[in-house]
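One structure is given here, and the rest of the page talks about it.
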Amino acid sequence: MLMNKTALITGGSSGIGLATAKLFLENGARVAITGRDAASLKQASDALGGDVLTLEADVRSSEDLQRMAATVKEQFGSLDILFANAGVAFVTPLGKTTEEQFDKLMDINVKGTFFTIQAVEPVMREGASIILNTAWLNQVGAPGRGALSASKAAVRSLARTLSAELLPRRIRVNAVSPGLIETPILRGVGQSEHPGQSDAEFKAYIQGAVDMIPIGRLGNAEEIAGAVLFLASDASSYMLGSELVVDGGFGQL
Ligand SMILES: NC(=O)c1ccc[n+]([C@@H]2O[C@H](COP(=O)([O-])OP(=O)(O)OC[C@H]3O[C@@H](n4cnc5c(N)ncnc54)[C@H](OP(=O)(O)O)[C@@H]3O)[C@@H](O)[C@H]2O)c1
């Protein structure tokens, strides 16, 4: 589906980004993945069979983003697909949230996504596809998640605005909206809500969430990767500024 295409996946060293990198490679793309941690990138590259470009880059650093875009241009010439996926998640109840916590969520999830696109867009080919990673949280009112949900609502909004803005270059921007997906990020969310949470408490915490998901289970990263592949490919050529929800019905039913 992606033969001869080039793709950049931010936050490709773990979870959804890593599963997407694997699927893109299986579909014939040349793939670059980013993350902050060199060891995780190396581990991801090994898991992907080594045929992947790894780039250490923090989406909060404009220097890193410029270097990332320059390397992609040098190695790939141009880019057909950007999956702006890097993100963090933690709980911030209104009365307990520090400015630092609020800024961290906005800096990585919103500002990081915006400036990733700004840095990479000049390298993108006409007719390219950009996929953003929002979340089911942009559709519901989940207590304790004000800053996180607002950050993902902003990402959802960027898909519309930037799709309109990049229309002259025929670059499509859409968003994938995962529900609760079994990746390392969930443990951090649990710890932020219940510091010191044990493994058994975490299991019960997740079960509590699963009980509320209509399909009756967490999603897995491959199920999101499949949706991203669709948005990245020509199969979604008539989609602009949209949101593809993959959440087991959590925010829908
Ligand atoms: N799992 C879910 O339930 C769920 C639901 C809805 C939306 N999402 C979204 O899906 C995306 C991927 O999350 P995931 O579940 O796959 O979690 P994950 O396994 O923790 O992966 C997060 C990825 O983002 C990278 N990252 C984090 N901060 C970064 C930064 N400042 N600069 C560059 N890379 C950074 C991480 O690498 P380093 O730490 O090495 O930088 C890692 O590769 C996130 O945007 C998340 O909000 C997840």
Side-chain angles (χ1 to χ4, degrees), residues 8-23 32-45 47-48 52 54-65 67-68 82-91 103-116 119-120 131-140 142 145 147-156 158-159 175-192 205-206 209-210 212-213 217-225 227-228 243-248 250-251:
L8 171 65
I9 301 172
T10 65
S13 57
S14 173
I16 293 168
L18 180 56
T20 305
K22 184 168 182 284
L23 191 60
I33 58 171
T34 79
R36 291 166 300 181
D37 181 48
S40 309
L41 279 168
K42 168 81 174 75
Q43 217 176 355
S45 170
L48 293 168
V52 66
T54 57
L55 302 164
E56 233 179 286
D58 187 328
V59 294
R60 290 171 294 187
S61 159
S62 53
E63 218 174 88
D64 283 8
L65 293 177
R67 195 172 350 103
M68 174 185 82
L82 166 65
F83 181 26
N85 161 75
V88 289
F90 47 89
V91 171
D103 287 346
K104 186 174 180 187
L105 280 167
M106 295 300 166
D107 279 352
I108 296 177
N109 293 355
V110 185
K111 205 172 151 194
T113 298
F114 184 90
F115 285 104
T116 293
V120 168
I131 305 101
L132 312 184
N133 202 333
T134 177
W136 62 284
L137 286 166
N138 83 45
Q139 313 210 0
V140 297
R145 286 148 178 85
L148 173 59
S149 302
S151 76
K152 290 300 188 179
V155 170
R156 172 45 190 115
L158 284 177
V176 67
S177 185
L180 276 181
I181 310 303
E182 204 164 355
T183 73
I185 217 171
L186 291 187
R187 192 66 212 252
V189 173
Q191 288 286 349
S192 68
Y205 171 82
I206 289 297
V210 165
M212 294 189 292
I213 302 173
R217 63 172 176 85
L218 297 179
N220 57 59
E222 290 71 25
E223 289 173 304
I224 305 305
V228 179
E243 174 182 13
L244 186 51
V245 180
V246 189
D247 72 348
F250 207 11

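One-based numbering, in listed order, for ligands and for the atoms of each.
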**Prompt:** Relative to ligand 1, is Ile108 under 4.0 angstrom through side chain, backbone, both or neither, heavy atoms considered?
**Reply:** side chain
Please tabulate, for side-chain N and O atoms in residues 11-20, each donor-acceptor pair with protein atoms closer than 3.5 Å (sequence neighbours left out).
unit_1: Thr20; atom_1: OG1; unit_2: Ile16; atom_2: O; d: 2.7

**Request:** Taking all heavy atoms of Glu56 and all of Ala38, pick out the closest pair and write down the distance.
**Result:** OE1-CB, 3.3 Å
**Prompt:** Backbone, side chain, both or neither: what part of Thr134 comes under 4.0 angstrom of ligand 1, heavy atoms only?
**Reply:** backbone
**Prompt:** What atoms of ligand 1 come closer than 4.0 angstrom to any heavy atom of Asn133?
**Reply:** 7 (C), 9 (C), 10 (O), 11 (C)
**Request:** Would you confirm whether Lys152, through its side chain, and Asn133, through its main-chain N or O, come within 3.5 Å as a donor-acceptor pair?
**Result:** yes
**Asked** Salt bridge or not for Arg67 and Asp64, using N-O below 4.0 Å?
**Response** yes
**Message:** Give me the atom names and distance for the closest heavy-atom approach of Arg36 to Ile108.
**Reply:** NH1-CD1, 4.3 Å
**Prompt:** Would a 4.5 Å heavy-atom cut-off, applied to side chains only, mark Phe90 and Leu105 as touching?
**Reply:** yes
**Message:** Show the atoms of ligand 1 that are less than 4.0 angstrom away from any heavy atom in Leu180.
**Reply:** 3 (O)
**Fill in**
Residue, atom and distance of the protein heavy atom nearest atom 45 (O) of ligand 1 read Asn85 O, 2.8 Å
**Asked** Considering only heavy atoms, does Lys152 approach ligand 1 within less than 4.0 Å through its side chain, its backbone, both, or neither?
**Response** side chain
**Request:** State, to 0.1 Å, how close Ala142 and Trp136 come at their nearest heavy-atom pair, and which atoms those are.
**Result:** CB-CH2, 4.5 Å
**Item:** Nearest neighbour in protein (non-hydrogen) for atom 32 (N) of ligand 1
**Value:** Val59 N, 3.0 Å
**Prompt:** So which bit of Ala89 gets within less than 4.0 Å of ligand 1, heavy atoms only: side chain, backbone, both or neither?
**Reply:** neither
**Fill in**
Applied to residues 176-191, the side chain to side chain donor-acceptor pair (under 3.5 Å) test, sequence neighbours excluded, yields Ser177-Glu243, Arg187-Asp199
**Complete:** closest protein heavy atom to atom 18 (P) of ligand 1 is Ser14 OG, 3.6 Å
**Asked** Just going by heavy-atom distances, which of Leu41, Thr10, Leu55, Asp58 is nearest to atom 31 (N) of ligand 1?
**Response** Asp58
**Message:** Any heavy atom of Ala57 closer to ligand 1 than 4.0 angstrom?
**Reply:** yes
**Prompt:** What is the closest protein heavy atom to atom 41 (O) of ligand 1, and at what distance does it sit?
**Reply:** Arg36 NE, 2.6 Å
**Request:** Report, in ascending order of atom number, the atoms of ligand 1 lying under 4.0 Å from any heavy atom of Gly15.
**Result:** 16 (O), 19 (O)
**Prompt:** Taking side chain as C-beta onward, heavy atoms only, is Leu148 less than 4.5 Å from Val91?
**Reply:** no
**Item:** Which residue and heavy atom of the protein sit nearest atom 40 (O) of ligand 1, plus the separation
**Value:** Asp37 N, 3.0 Å
**Prompt:** Within the distance-only criterion (no hydrogens, no angle test), does the side chain of Glu223 pair as donor or acceptor with the backbone N or O of Asn220 below 3.5 angstrom?
**Reply:** yes
**Message:** Test your reading of the structure: does Trp136 have an N or O sitting under 3.5 Å from an N or O of ligand 1?
**Reply:** no
**Any donor-acceptor pair under 3.5 Å from Asn85 side chain to Thr10 backbone** = yes
**Asked** Going by the atom numbers of ligand 1, which of them fall below 4.0 Å from some non-hydrogen atom of Leu186?
**Response** 3 (O)
**Message:** Below a 4.0 angstrom heavy-atom separation, can you tell me which part of Ile16, side chain or backbone, both or neither, approaches ligand 1?
**Reply:** both
**Prompt:** What residue and heavy atom of the protein are closest to atom 35 (C) of ligand 1, and at what distance?
**Reply:** Ala86 CB, 3.7 Å
**Prompt:** Does the Thr54 side chain pair with the main chain of Ile33, one donor and one acceptor, at a distance under 3.5 Å?
**Reply:** no
**Asked** Do the side chain of Ser45 and the main chain of Leu41 share a donor and acceptor less than 3.5 angstrom apart?
**Response** no
**Under-4.0 Å heavy-atom contact with ligand 1, by part of Ser177 that carries it** = neither
**Asked** How close does the nearest protein non-hydrogen atom get to atom 5 (C) of ligand 1, and which residue and atom is it?
**Response** Gly179 O, 2.9 Å
**Request:** Looking only at protein heavy atoms, identify the closest one to atom 13 (O) of ligand 1 and say how far it is in Å.
**Result:** Ile185 CD1, 3.8 Å
**Prompt:** With backbone taken as N, CA, C and O and side chain as the heavy atoms from C-beta onward, which portion of Ser40 lies under 4.0 Å from ligand 1: side chain, backbone, both, or neither?
**Reply:** neither
